[in-house]
Engineer: 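First the structure, which I've put down as structure tokens, then a few questions once you've had a look.
What you see is a predicted model; the values in this text were computed from it and never measured. Note that ligands are numbered from 1 as they come in the structure, with each ligand's atoms numbered from 1 the same way.
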Amino acid sequence: MKKSVRKAVIAGNWKMNKTPSETTALINEMKPLVADADCDVVLCVPYIDIPAAVEAAKGSNIKIGAENIHFKASGAYTGEISADMLKEAGVEYVVVGHSERRTYFGETDQTVNLRTLAAVNAGFTAIVCVGETLEQRELGYTETLLKYQTKMALTNVKPEQLKNVIIAYEPVWAIGTGVTATAEQADEGNGYVRAAIAEAYGADAAEAVTVQYGGSMNAKNADELLEKVNVDGGLIGGASLKAEDFSIIVKAASK
Ligand code: 13P
């Protein structure tokens, strides 16, 4: 982390876990544990849990995010949720382009870009996910792919909107597998993301963007990962479902 120039952000991504009542209970358990955080603390929760999450987080330092956003303002898009709906619900962050959405729900670099634009144009902070599969890594395409995904996601995002963008480098092979990237691999991947931003927006802009690492980050490995200069925080899946584990990661980012 380079706290002198960038904001450290620890965000939970609950994925398809927790009911509304479980949401209230978990956030109430987390609140005192993360109250002293010297980093931004975000919980991205399922749509149905957002009202309970916003209510439970009121008056605390926990900010609430959604796990997706649709790119149209309204219309015949069964099952989708718009920026206006999220805004009214009190959401501040939106995860975009998670690899699970790319893999299971046909998300492409183009739709990731449209959703990123919808998020930043509505004033949310977009947490844009990029990452290579194991096959792509073994073929030597990690740098090319991370730069491509980053630039594609940011197409038509204006320089002044970059302050509302976080990129999360999430190697697909490290998500939910218990296999974490080494601190060096995380730093290198995040560095490729930052280099892509520098190519598109210039070095100063790239220095200011928060780049998270995600993929089996947990209470045990957070310290080592967050010590790396390019790792400005984490996008946490499994460990964000346990108050104590999540708070240990928040503490690691607060040092
Ligand atoms: P895990 O922390 O469960 O590996 O999930 C990471 C992730 O996909 C966060 O978006």
Side-chain angles (χ1 to χ4, degrees), residues 8-18 22-23 26 30 34 39-47 49-50 53 62-69 91-105 107 112 115-116 119 124-134 136-137 142 145-146 149-150 153 165-183 185-186 189-190 193 210-226 228 231-253:
V9 182
I10 297 296
N13 172 13
W14 283 6
K15 308 191 178 184
M16 197 175 72
N17 292 292
K18 303 295 171 188
E22 290 168 345
T23 296
L26 182 52
M30 279 180 178
V34 301
C39 64
D40 285 359
V41 181
V42 183
L43 293 173
C44 300
V45 305
Y47 289 137
D49 295 337
I50 288 170
I62 298 176
K63 308 217 166 74
I64 302 303
E67 297 178 12
N68 198 4
I69 182 173
V91 159
E92 293 177 70
Y93 290 73
V94 177
V95 176
V96 175
H98 192 278
S99 70
E100 286 147 18
R101 295 218 52 90
R102 295 180 193 251
T103 303
Y104 306 132
F105 302 104
E107 202 79 66
V112 171
R115 291 183 204 273
T116 302
F124 299 117
T125 296
I127 302 178
V128 181
C129 304
V130 299
E132 82 289 358
T133 63
L134 188 57
Q136 288 161 337
R137 171 167 282 269
T142 302
L145 188 94
L146 292 181
Q149 286 185 340
T150 302
V165 172
I166 293 170
I167 309 283
Y169 167 49
E170 297 209 311
V172 177
W173 46 272
I175 295 175
T177 57
V179 180
T180 316
T182 63
Q185 286 171 326
N190 284 27
V193 168
T210 294
V211 184
Q212 297 173 320
Y213 167 78
S216 300
M217 197 189 235
N218 59 40
K220 289 204 174 73
N221 59 29
D223 261 328
E224 199 189 344
L225 289 161
L226 291 165
K228 292 293 177 189
V231 181
D232 308 316
L235 186 57
I236 323 294
S240 73
L241 299 168
K242 295 178 197 143
E244 182 157 6
D245 287 21
F246 186 67
S247 74
I248 290 171
I249 300 171
V250 167
K251 284 188 180 76

Engineer: Please say whether T177 places an N or O atom under 3.5 Å from an N or O atom belonging to ligand 1.
Structural biologist: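 Checking ligand 1 against T177, no N or O pair falls under 3.5 Å apart.
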Engineer: State, with a plain yes or no, whether a side-chain heavy atom of I62 is found less than 4.5 Å away from one of V34.
Structural biologist: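 I62 vs V34: side chains touch.
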Engineer: Give the residue and atom name of whichever protein heavy atom lies nearest to atom 2 (O) of ligand 1, and the separation in Å to one decimal.
Structural biologist: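 Its nearest protein heavy-atom neighbour is G237 N, 2.9 Å.
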Engineer: Would you check whether E100 has a nitrogen or oxygen atom less than 3.5 angstrom from a nitrogen or oxygen atom of ligand 1?
Structural biologist: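 So ligand 1 has no N or O lying under 3.5 Å from an N or O of E100.
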Engineer: Could you tell me, atom by atom, which parts of ligand 1 come under 4.0 Å of a heavy atom of G215?
Structural biologist: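 Listed by number with element, the hits are 4 (O), 6 (C).
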Engineer: Are H98 and E107 close enough that a side-chain donor and a side-chain acceptor fall under 3.5 Å?
Structural biologist: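 There is no such pair (donor and acceptor under 3.5 Å, judged by atom type) between the side chains of H98 and E107.
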Engineer: Based purely on interatomic distance, does G238 place a nitrogen or oxygen under 3.5 Å from a nitrogen or oxygen of ligand 1?
Structural biologist: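 It does: an N or O of G238 is found under 3.5 Å from an N or O of ligand 1.
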Engineer: Could you grab the distance from atom CE of M217 to atom CD of Q212, nearest 0.5 Å is fine?
Structural biologist: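 Reported to 0.5 Å precision, the distance equals 8.5 Å.
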Engineer: What protein heavy atom sits nearest atom 5 (O) of ligand 1, and how far away is it?
Structural biologist: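 Nearest neighbour among protein heavy atoms for atom 5 (O) of ligand 1, to 0.1 Å: K15 NZ, 3.1 Å.
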Engineer: With a 4.0 Å heavy-atom cut-off (strictly under), which part of L235 contacts ligand 1: side chain, backbone, both or neither?
Structural biologist: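 The answer is both, backbone and side chain.
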Engineer: Does E92 CD have over 12 foreign heavy atoms under 6.0 Å away?
Structural biologist: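 For E92, atom CD is crowded (more than 12 foreign heavy atoms under 6.0 Å).
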Engineer: Show the atom names and distances, to 0.1 Å, of all donor-acceptor pairs under 3.5 Å that link a side chain in residues 8-18 to residues at least two apart or in another chain.
Structural biologist:
from : atom 1 : to   : atom 2 : distance (Å)
N13  : OD1    : K15  : N      : 3.1
W14  : NE1    : S240 : O      : 3.1
K15  : NZ     : E100 : OE2    : 2.8
N17  : ND2    : W14  : O      : 2.9

Engineer: Heavy-atom contact under 4.0 Å between A239 and ligand 1?
Structural biologist: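 A239 does not count as a contact of ligand 1 under the 4.0 Å cut-off.
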Engineer: If we ignore angles and hydrogens, is there a donor and acceptor under 3.5 Å between the side chains of Y169 and Q185?
Structural biologist: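 The answer is no; no qualifying pair exists.
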Engineer: I'd like to know whether ligand 1 has A168 as a neighbour, heavy-atom separation below 4.0 Å.
Structural biologist: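 Under 4.0 Å: no for A168.
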Engineer: Identify the protein heavy atom lying closest to atom 7 (C) of ligand 1, giving its residue, its atom name and the separation to 0.1 Å.
Structural biologist: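 In this structure, atom 7 (C) of ligand 1 has E170 OE2, 3.1 Å as its nearest protein heavy atom.
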